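Beneath this line is the structure, given in structure tokens, with notes to follow.
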Protein chains: 2
Amino acid sequence: MSRMNETLLRESNLKITKNRLQILELLQHSSAPMTAEEIYITLREKSNLNVSTAYRILSVFEDKKIVIKHQGCDSKAYYQMFNETHKHYIICSECNKRVDITNCPLCELESKLEKETGYQITGHRLEFVGKCPQCQK
Amino acid sequence: MSRMNETLLRESNLKITKNRLQILELLQHSSAPMTAEEIYITLREKSNLNVSTAYRILSVFEDKKIVIKHQGCDSKAYYQMFNETHKHYIICSECNKRVDITNCPLCELESKLEKETGYQITGHRLEFVGKCPQCQK
DNA sequence: CTAGCTGCAAATCCTTTGCAAGAAA
DNA sequence: TTTCTTGCAAAGGATTTGCAGCTAG
């Protein structure tokens, strides 16, 4: 529902623009995190979106905690909706394809670590790396 | 002992050079993973090492499994000795300082995931993010 | 109208490469 | 000598920025 996204933008003090709505739609319907370039390529015709605009929108969304950003080992940044936040991935070392894993055994560990290290822990990143079925051939 | 590192290089079919020995020494004595630039800055006077040489040496070391490379959220690559491999970190979201955490509850999870996803899992990356004691002020 | 968005081109940051000179075996 | 390493400068890919025009409110 595009109406919901308009509200989301309004509540974040952001103007409602076609680009922003389309990026939201896209990320909401994507089964995997996307790079800025993937988003740009998907939307450039439909919306004639520019790459730098894509980066700018994603960056604002990150500040407003609408999306979160992962740094992939391929040194590209991957973006996904914030509400799907607590997910982890298996990443193919050949093609960089990502697959979700459900269930996270780590949250409990966090408070223990806070005591041990003095860090104020705000989150964690867990990624498994391997070869996906296709790349195993 | 620099003699050991000479053997290490010889066994990897690499010529023994001042730059390589100094980078090995440095990483062995560093308590945290280092970026190519940090290594370069530390060694440029002592060894008049060039940035691209640093990258090249680190890249060869990675191929030969002498070091491993992490991609940090600051989009810089961090290098450490391979033998210290199975470590995870807490990373300060302000200053990017890294602290080791001992003990890894995840290895068991891997085989379960292999069955579920069809991926051939070769490793994992686990990083906790938060604010280090200094940056909490 | 005004603040906030956008496109475009140029700039920046990290990393890689081409090439010719230099050092190890 | 032969092969591998290096320094330098230039190129590369991902991301950011300056600026002038545009658009939502």
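Lettering of chains follows the sequences in order, A, B, ..., and the numbering in each one begins at 1. Model, not experiment: these values are computed from the prediction.
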OP1 or OP2 of [N] sitting under 4.0 Å from any side-chain N/O of [X]?
X	N	answer
B:T17	D:dT5	no
B:N50	D:dT6	no
B:N19	D:dT6	yes

From the options A:Q22, A:Q28, A:R20, select the one residue that forms a side-chain hydrogen bond (donor to acceptor under 3.5 Å, both in side chains) with A:N5.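 Testing A:N5 for a side-chain hydrogen bond (donor to acceptor under 3.5 Å, both in side chains) against A:Q22, A:Q28, A:R20 leaves exactly one candidate, A:Q28.
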Return the value, rounded to whole Å, for the distance between atom [atom1] of [X] and atom [atom2] of [N].
X	N	atom1	atom2	answer
B:K64	D:dC4	NZ	P	10 Å
A:I57	D:dT17	CD1	C1'	16 Å
B:L58	D:dT5	CG	P	14 Å
B:K76	D:dT15	NZ	C1'	14 Å
B:Y55	D:dG12	OH	P	18 Å
B:Q22	D:dT5	CD	C1'	15 Å
A:R56	D:dT23	CZ	P	16 Å
B:D74	D:dT16	CG	P	13 Å

Start with the C-alpha gap between B:Q80 and B:I68, add the side-chain angles, then the distance that decides, and say whether side-chain contact (heavy atoms from CB on, under 4.5 Å) holds. CA-CA 6 Å; B:Q80 69 179 149; B:I68 52 162; 3.5 Å; yes
If you round to the nearest 0.5 Å, how far is [atom2] of [Y] from [atom1] of [X]?
X	Y	atom1	atom2	answer
A:L27	A:I66	CG	CD1	10.5 Å
A:H70	B:Q71	NE2	CD	14.5 Å
A:T35	A:D74	OG1	CG	8.5 Å
A:K76	A:E38	NZ	CD	7.0 Å
B:I39	B:N19	CD1	CG	11.5 Å
B:L24	B:F61	CG	CZ	4.0 Å

Opening and closing nucleotides of DNA chain C in contact with chain B, under 4.0 Å to non-hydrogen atoms: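 Endpoints of the contacted stretch of DNA chain C: C:dC14 to C:dA25.
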For DNA chain D, which residues of residues 7-15 of chain A approach it to below 4.0 angstrom with any heavy atom?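 Going residue by residue through residues 7-15 of chain A, the ones with a heavy atom under 4.0 Å of DNA chain D turn out to be A:K15.
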Looking at every strand, decide which applies to B:R20 at a 4.0 Å heavy-atom threshold: base, sugar-phosphate, or nothing.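 Sugar-phosphate, no base atom in range.
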Indicate the atoms forming the closest heavy-atom contact of [X] with [Y], along with that distance.
X	Y	answer
A:L8	A:S12	O-OG, 2.9 Å
B:M34	B:L26	SD-CG, 3.8 Å
B:A54	B:L49	N-CD1, 4.0 Å

Can a donor-acceptor pair be found, under 3.5 Å and without considering hydrogens, that links the side chain of B:T117 to the backbone of B:Y119?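 Checking the backbone N and O of B:Y119 against the side chain of B:T117, a donor-acceptor pair under 3.5 Å is found.
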With nearest nucleotide decided by heavy atoms, which residue, B:V51 or A:I16, maps closer to the 5′ end of DNA chain D?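 Nearest nucleotide further toward 5': that of B:V51.
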List in numerical order all residues of residues 35-48 of chain A for which some heavy atom is under 4.0 Å away from an atom belonging to DNA chain C.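 Within residues 35-48 of chain A, the residues near DNA chain C are A:N48.
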As a test of reading the structure: which of D:dC8, D:dT15, D:dT6 is closest to the side chain of B:S52, going by heavy atoms?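 Of the options given, the side chain of B:S52 lies nearest D:dC8.
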